[in-house]
There are 2 protein chains.
Amino acid sequence: MVDLNRLKQIYKFGKELSLKDIQVLLKAAKNSSFNKKELLINEGSKRNDVFYIKSGLVRCFNINDKGEEITLKLIPEHQVVANVDLILFSQSSRFFYEALENTEVFFIDYDVLQDLVSRHPKLETNRKYVLQRLLKESMERVESFVLLTPEERYLRFVKDYPGITNRVQDKYIANVLGITPVSLSRIRKRIATKN
Amino acid sequence: MVDLNRLKQIYKFGKELSLKDIQVLLKAAKNSSFNKKELLINEGSKRNDVFYIKSGLVRCFNINDKGEEITLKLIPEHQVVANVDLILFSQSSRFFYEALENTEVFFIDYDVLQDLVSRHPKLETNRKYVLQRLLKESMERVESFVLLTPEERYLRFVKDYPGITNRVQDKYIANVLGITPVSLSRIRKRIATKN
DNA sequence: TTTATAAATTATCTTTTGTTAACGCCTTTA
DNA sequence: TAAAGGCGTTAACAAAAGATAATTTATAAA
C-alpha cells in the first residue's frame, strides 16, 4: 500500500515528521498527475486541495487588462501548491495554476488536512514549517525587489533555482522578476559580455 | 492590573481571542515605549521578543554597500514587530527596527510565547492569524511588484496605508516601493498634473 | 523532413528611472 | 536669532526599461 519509495518522495515535505505521521498523511492523500498545460487550479476556482508536487513544475499566472498572461510564481517539485486566495483570504482563486511539465502530485482537501492536524499534533509542526517556508520565500522576494537591481535579481533567481532556465521559458522568468522578456534578454546579454 | 482600556487596545491583535486568553497574554507581556529614533531591534541582534505596537510607527531598514539606509518596511500600530531573522531563520538580525514616532508596545519573549501557546490552545488560533496576516501582506507586496507600475504601486500604497504620507518621510516610502526618492517625487507630480 | 508556430534576440524609438547637483523650504541645534 | 543640516523638488544628463516590430532561432505539428 504505502511503500518506501513514496515515503522517501514525500519526506522533503518536512524534516521533523516521523514515518507514522507521514503514513497518516499519505493515507488521507490522493495521487494524481497532470499533463503539460493542464490546470491544477483554474481562475475562479474554489478548489480546496493542497497539492504536494512529487515531480514536475507548476506556474501561477493571471491575465491582465490587455489579455496577457503574467506569471507570478514558478513552483517546482517538493513544494506545495494551494489555492491561497481560498485558504488564506476566503475568496475564489484569482490565479491559474498550470503544469509546465508532466507533474505528479499528492493532494489532500484542506479541511481534511485541518482535521488531521488537529488529531495528530506532530503534523502541526509540519504545517508551521510549510507556512514559514512560504513566508520566508515571499519575504525574500520582497527584499529582492527593494534591494536589488533587475540584473542582480536575475542572478539571484538562477542561483536559487538551479537549472530552472533549462526548464522554463524566459518570458515566464521575466514576469517573475517583474520585467519584460525583452529586458531580460538584454540583461542576459549584458551579463554574458562581462565574462 | 489589567484594565479594560488595555484589553481594548490589544483586541485588534486577533479577533477570535476571548478576554481570558487576552489576559493570559497580557499577564506574560511587558509594557515598554520607545522614543523617536530609538531602536527596538539592532542589526546583529539576537533579541527574541515579539512586539505588539499599541501606538506609534516603526521602520525596518538596513544599510547597503554604499552606506545608505534602505527602508524595507513600515509597521504602524496594531501590527507585530519581531526579529524575523532570528525567529524564522535562526540568525541574528540583518535589519534595524527603529521607532519613527514615540511608540508604545507590549512585548513578550518568543520562547515564552511559544510555551504559552502550547499551554493555551486558543492562542494557537491567534498565532496562525498573525502568521497568515504576515504572509498575506508579503504576498500582496510581491504581486504589486510583478503586476503594477511604480505609479500604480504608489497609489495602492497610500490607499492601503491611509494617512501614512503625513507620518513618514517620502524617502522611506520610495524605498518601500523599490524606487528612488527623486523618482517618487516625479511620480507624485505626474499624478497631480493628471487631476 | 518540411512546414507552421512560437520564443528569443536584436533594432529602433519613446518613456521612465537613476544619478548627481542645485535650490528653496523647513526643522533642529547652537 | 542665526547657522546648520536635512528633505522634497527640480534640472540635466546618462542609463535602463518599455513598446513595437523585424529577424533569427528553436520547437512543435503536419
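Throughout, a chain's letter reflects where its sequence line sits, starting with A, and its residues are numbered from 1. For the numbers below, each heavy atom of this structure counts, side chains included, while hydrogens, waters and symmetry mates do not.
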message: Counting primed atoms plus P, OP1 and OP2 as sugar-phosphate and everything else as base, spell out the protein contacts along nucleotides 23-30 of chain C at 4.0 Å heavy-atom distance: B, S or - for each nucleotide, 5' to 3'.
response: --------
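- Distance A/N175 CG to D/dG18 P: 11 Å, rounded to the nearest Å.
- In the model, A/N31 has a side-chain atom that pairs as donor or acceptor with a side-chain atom of A/K54 under 3.5 Å.
- Legend: salt bridge (Lys or Arg N to Asp or Glu O under 4.0 Å) pairs involving residues 63-88 of chain A, not counting sequence neighbours, sorted by first then second residue: A/R59-A/E69, A/K73-A/E137, A/E77-A/R167, A/D85-A/R94.
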Indicate every side-chain donor-acceptor pair of residues 111-118 of chain B with a distance under 3.5 Å to a residue at least two apart or in another chain.
unit_1 : atom_1 : unit_2 : atom_2 : d
B/D111 : OD2    : B/N48  : ND2    : 3.1
B/Q114 : OE1    : B/R127 : NH2    : 2.9
B/D115 : OD2    : B/R119 : NE     : 3.2
B/D115 : OD2    : B/R119 : NH2    : 3.0
B/S118 : OG     : B/D115 : O      : 2.7

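- A search for side-chain hydrogen bond (donor to acceptor under 3.5 Å, both in side chains) contacts involving A/N62 returns nothing, not counting sequence neighbours.
- Grouping Ile, Leu, Val, Met, Phe, Trp and Tyr residues whose side-chain heavy atoms lie under 4.5 Å apart, directly or via other members, places B/L39 in a hydrophobic cluster with B/F61, B/I63, B/F96.
- Residue pairs meeting the salt bridge (Lys or Arg N to Asp or Glu O under 4.0 Å) criterion with at least one partner in residues 150-161 of chain B, sequence neighbours excluded, are B/E151-B/R190, B/E151-B/K194.
- Grouped with B/V182 in a hydrophobic cluster is no other residue, since no side-chain heavy-atom contact under 4.5 Å to another Ile, Leu, Val, Met, Phe, Trp or Tyr is found.
- The stretch residues 180-189 of chain A participates, sequence neighbours left out, in these salt bridge (Lys or Arg N to Asp or Glu O under 4.0 Å) pairs: A/D170-A/R188.
- Contacts with DNA chain D (heavy atom under 4.0 Å) in residues 179-188 of chain B: B/V182, B/S185, B/R186, listed by number.
- Taking CG of B/D49 as the start and CD1 of B/I108 as the end, the distance is 9.0 Å to the nearest 0.5 Å.
- The CD-P distance, from B/E68 to C/dT19, rounds to 8 Å in whole Å.
- Atom NZ of B/K122 sits in a sparse spot, with 12 or fewer heavy atoms from other residues, nucleotides or ligands closer than 6.0 Å.
- Applying the side-chain hydrogen bond (donor to acceptor under 3.5 Å, both in side chains) test to pairs two or more places apart or on separate chains, none has a residue in residues 34-45 of chain A.
- The distance from atom CD1 of B/I173 to atom P of D/dC7 is 13 Å, rounded to the nearest whole Å.
- Taking 4.5 Å as the limit, some side-chain heavy atom of B/I53 sits within range of a side-chain heavy atom of B/I75.
- Rounding to whole angstrom units, NZ of residue A/K189 and P of D/dA17 are separated by 15 Å.
- Atom CG of A/L177 and atom C1' of D/dA17 are 14 Å apart (whole Å).
- Overall, the helix from C/dT1-D/dA30 to C/dA30-D/dT1 carries an axis bend of 50° between its ends, with five pairs at each end and the value rounded to 10°.
- Remark: of the listed residues B/L148, B/T149, B/T165, B/T165 is the sole one forming a side-chain contact (heavy atoms from CB on, under 4.5 Å) with B/Y154.
- Residues from residues 151-171 of chain B with heavy atoms under 4.0 angstrom of DNA chain C: there are none.
- OP1 or OP2 of D/dA17 has at least one side-chain nitrogen or oxygen of A/R190 nearer than 4.0 Å.
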